[in-house]
Amino acid sequence: MKGISINVIRAGKKYRLTNYGDSSEFEVLRYLERDNYQLKDLHTLEHYQLKELIQFGRGNDFSIEEL
């Protein structure tokens, strides 16, 4: 795993998550539960949860980077 750990994600910050070749850029709105956060996509403004992005596991390219 490259980048930062899920444990250090903070509300109000912006991140890029890469997993299985897909990349998502989002702002963290709030902490929900262990390793899960409410997110807002920076491009579409859609709201979703972090667990939805990693529901199929973590690929070899899994990384989270602060923007």
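Along the sequence shown, the residues carry numbers beginning at 1.
Residues forming a side-chain contact (heavy atoms from CB on, under 4.5 Å) with T18 (at least two apart in sequence, or on another chain): R16, S23, D61, S63.
Distance check, rounded to the nearest 0.5 Å: CZ of F26 to CG of L67 gives 8.5 Å. Within the model, atoms CD1 of I64 and CD1 of I4 stand 6.0 Å from one another, a figure rounded to the nearest 0.5 Å.
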Which donor-acceptor pairs under 3.5 Å do the side chains of residues 35-44 make with protein atoms, sequence neighbours left out?
residue: N36; atom: OD1; partner: L50; partner atom: N; Å: 3.4
residue: N36; atom: OD1; partner: K51; partner atom: N; Å: 3.0
residue: N36; atom: ND2; partner: Q49; partner atom: OE1; Å: 2.8
residue: Y37; atom: OH; partner: I6; partner atom: O; Å: 3.3
residue: D41; atom: OD1; partner: H43; partner atom: N; Å: 2.7
residue: D41; atom: OD1; partner: T44; partner atom: N; Å: 2.9
residue: D41; atom: OD1; partner: T44; partner atom: OG1; Å: 3.4
residue: D41; atom: OD2; partner: Y48; partner atom: OH; Å: 3.2
residue: H43; atom: NE2; partner: E25; partner atom: OE1; Å: 3.0
residue: T44; atom: OG1; partner: E46; partner atom: N; Å: 3.3

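Under a 4.0 Å N-O distance rule, the pair E27/K13 does not qualify as a salt bridge.
Judged by distance alone, with hydrogens and angles left aside, the side-chain atoms of N19 form a donor-acceptor pair with the main-chain N or O of G59 at under 3.5 Å.
Note on L45 and L17: separate hydrophobic clusters, where clusters join Ile, Leu, Val, Met, Phe, Trp and Tyr whose side-chain heavy atoms are under 4.5 Å apart, directly or indirectly. Cluster annotation: Y31 and I54 are assigned to the same hydrophobic cluster (Ile/Leu/Val/Met/Phe/Trp/Tyr, side-chain heavy-atom contacts under 4.5 Å, transitive).
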